[in-house]
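Notes for the one structure printed next.
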Number of protein chains: 2
Amino acid sequence: MVVESGKRRGRGRPKEPIPRSTFLRAAQGIFADAGFQGASMSAIAREAGVSKATLFHHFETKEDLYIEVLTAIASDLGRLVHEAVEDRGNFHERLDRLAEAIIRYLGGTPRAARLLLREFVDAGPFMNSAAALSVATVLDDVVALYQDGQDAGLVVPQDLRHLAATSVALHLHWFAATPVTRHLLGGSPFTPEAIEDRIREVKAQARRLCTL
Amino acid sequence: MVVESGKRRGRGRPKEPIPRSTFLRAAQGIFADAGFQGASMSAIAREAGVSKATLFHHFETKEDLYIEVLTAIASDLGRLVHEAVEDRGNFHERLDRLAEAIIRYLGGTPRAARLLLREFVDAGPFMNSAAALSVATVLDDVVALYQDGQDAGLVVPQDLRHLAATSVALHLHWFAATPVTRHLLGGSPFTPEAIEDRIREVKAQARRLCTL
DNA sequence: GTCTATACGCGGATAGAC
DNA sequence: GTCTATCCGCGTATAGAC
C-alpha cells in the first residue's frame, strides 16, 4: 500500500511539501501491525514512500511519531465519548449513543482499536506521556455516565469502576483481538454488515450489563 | 529478581543442570513486560542468571522460547476452563465456577493476562503456530456453555459469539490493561482483596450479561 | 552444559550535498 | 525539504574452549 506519487521526488525544497498526514497514515498502519517496538522507521518511511532521513526530518524520534499517532486517536475518541455522553435524552439513549458512536469509529478505523489496546497492555510511550491524561478523562466520563444512571435508580448498585472497565474491554477487544474475533465470527468484523450486527449486540449487552 | 544460585556456575557439564523452569519463568517476566519484539534474549538470560549462549543452548530461537511460554499459559487456562465448564451443577453454578477459576488464575499469575492479550492483538508467533488451536478450543468451550444455557431457556436469545467475546475481553482486559485498571481502581488489581472483589463483581456482571 | 568471543544484520539517528 | 551515505549500538545466533 505504498503512496503513489507518480514520479519520484527530487532533491531540494519542493513546491509541495509532503503533508504531515502522509507520515501519520503510514505510521498508523505500521505501528498497528507491529507495535511500537516491532515497527521500524525504515518500514514507515517505505510505506509513506519517502526515505528514512526525510521521515526523521519531520519527527525527531520514533517516540514522537508514535505519540502523535496515538494522541490523534485518543483525541477522536475523547471527543466522541464526550459528545455521546452529554446530558441529552434519558440514560438509555445516552448509553445507546455511546455504543453506536464508538463502534462506528472503531469499525471504520480498523487500526484504532489495536493501537489503543496494545498501548494499554504495553504501558508504552503514549501512556507514559502527558497525553495519556485524555484517556483518564474518557474513563471518568464513562464512570460519570453510569453514576448518573445510578442516581436515577436505573443502574444496578454495583461497583462502577468494574462496569467502566468492562465497557472499555468490550469495545476494544472485539476490534483489536483479531484472531479471536475472526475465529468466533468466522470472518472480518470490519464489513458494514458486521458493524451493524455489532452495534445491535453491544447495545443489548451494555443495557443488560448495568440495568436493574 | 535474579536467580540466587549462591556461587557462579563454572564451565563444563555441571552435576545439576539448570531446570527448564528457570528459563521459562525469566522469559515469562521479560516477555510480559516488553512483548515479543521488545524482549531481548540478553535480558532474559540476565534475568535467569545465565549467559546468553546458555539460553540459546536450551532454546534454538527466541520464537521457540516464546511459544513455549505461551503454550504453558494457554494450556493452564484450557484445563481450567474445561473443568469449570463441565456438566456438574446447573447453568449458573457453572458460570460462577468459570469466572472464579479464571480470575484466581489470572490474579495469581500476573503475567498471564498481559502475555495472552498482547499475543491476541499482535497475532504473533504463538497465534500463528499449531499451539493456537488450544485457544480455539477454549473459545468453543465457552460458546458451548452459553449454548447449554440457551437450550435450557436460561440465556437470552442473543448471538453467543458476541457473548463469548465479551467474556474473554472482560477477564483479560482487567488484568492486562494495567494503566486503565490502575486508574479506575486507584491501586493494584493483584492484591488478595482486589481479587476477591473482582470475583464478586464479575460473577454479577456475567450473570446479568446473559440471563433473561 | 556452560562459558568467552565473535560474526553479522538491522535498528535509530546524523552529516552534508543539492 | 529531501536525498545518499554512514555511524554506531544492540539484536540474534554461532564457534569452539573447557
Side-chain angles (χ1 to χ4, degrees), chain A residues 2-27 29-31 33-69 122 124-126, chain B residues 2-27 29-31 33-69 122 124-126:
Chain A
V2 173
V3 169
E4 289 296 339
S5 63
K7 46 189 173 299
R8 282 187 78 72
R9 300 174 73 90
R11 299 191 184 170
R13 174 176 293 221
K15 281 179 291 192
E16 304 176 18
I18 299 173
R20 202 170 178 79
S21 59
T22 301
F23 303 116
L24 290 175
R25 216 189 342 266
I30 302 291
F31 281 132
D33 287 344
F36 175 72
Q37 296 272 7
S40 80
M41 292 296 264
S42 335
I44 294 169
R46 202 181 315 125
E47 174 82 11
V50 300
S51 73
K52 198 167 42 158
T54 300
L55 183 53
F56 270 105
H57 174 77
H58 290 264
F59 300 88
E60 279 204 350
T61 67
K62 183 173 148 182
E63 275 202 24
D64 288 347
L65 175 53
Y66 179 75
I67 289 177
E68 190 161 329
V69 167
D122 284 349
F126 174 74
Chain B
V2 173
V3 170
E4 289 297 340
S5 63
K7 47 190 172 298
R8 283 187 76 73
R9 298 175 75 89
R11 298 191 185 171
R13 174 176 292 223
K15 282 179 290 189
E16 305 176 18
I18 299 173
R20 203 170 179 79
S21 59
T22 301
F23 303 115
L24 291 175
R25 214 187 346 263
I30 303 292
F31 280 133
D33 286 344
F36 175 72
Q37 296 272 7
S40 81
M41 292 296 265
S42 335
I44 294 170
R46 200 180 319 123
E47 174 81 13
V50 302
S51 74
K52 205 170 27 165
T54 301
L55 182 54
F56 271 105
H57 174 76
H58 289 264
F59 300 89
E60 278 204 350
T61 68
K62 183 172 144 180
E63 273 203 28
D64 288 347
L65 174 53
Y66 179 74
I67 289 178
E68 190 161 329
V69 166
D122 285 348
F126 174 74

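In what follows, chains are A, B, ... by sequence order, proteins preceding strands, each numbered from 1.
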Worksheet item: Aromatic rings B:F23 and B:H58: how do their planes relate, parallel, tilted or perpendicular, breaks at 30° and 60°?
Response: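 Geometry flag for B:H58 against B:F23: tilted rings.
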
d([atom1], [X]; [atom2], [N]) in whole Å:
X: A:E60; N: D:dG1; atom1: CD; atom2: P; value: 14 Å
X: B:K62; N: C:dC10; atom1: NZ; atom2: C1'; value: 13 Å
X: A:I44; N: C:dG12; atom1: CD1; atom2: C1'; value: 11 Å
X: B:F31; N: D:dT12; atom1: CZ; atom2: P; value: 9 Å
X: A:Q37; N: D:dC10; atom1: CD; atom2: C1'; value: 12 Å
X: B:D64; N: D:dA13; atom1: CG; atom2: P; value: 9 Å
X: B:M41; N: C:dC3; atom1: CE; atom2: C1'; value: 16 Å
X: A:L65; N: C:dA13; atom1: CG; atom2: C1'; value: 14 Å

Is the closest side-chain heavy-atom distance between [X] and [Y] below 4.5 Å?
X: B:F36; Y: A:Q37; result: no
X: A:V50; Y: A:T22; result: no
X: A:L24; Y: A:F59; result: yes

Practice prompt. Pull out every residue in residues 51-59 of chain B that has a heavy atom closer than 4.0 Å to any atom of DNA chain C, ordered by number, or say none.
Written response: B:S51, B:A53, B:T54, B:H57, B:H58

Discussion item. Taking the nucleotide of DNA chain D with the nearest heavy atom to each, does B:A43 or A:F23 sit closer to the 5' end?
Written reply: A:F23

Practice prompt. Please work out if B:A39 contacts a base, only the sugar-phosphate, or nothing of the nucleic acid, heavy-atom cut-off 4.0 Å.
Written response: sugar-phosphate

Worksheet item: Pick from A:R20, A:K62, A:R25: which one makes a salt bridge (charged side-chain N to carboxylate O under 4.0 Å, His left out) with A:E68?
Response: A:R20

Worksheet entry | Under the side-chain hydrogen bond (donor to acceptor under 3.5 Å, both in side chains) test, residues paired with B:S51 that sit two or more places apart | B:T54

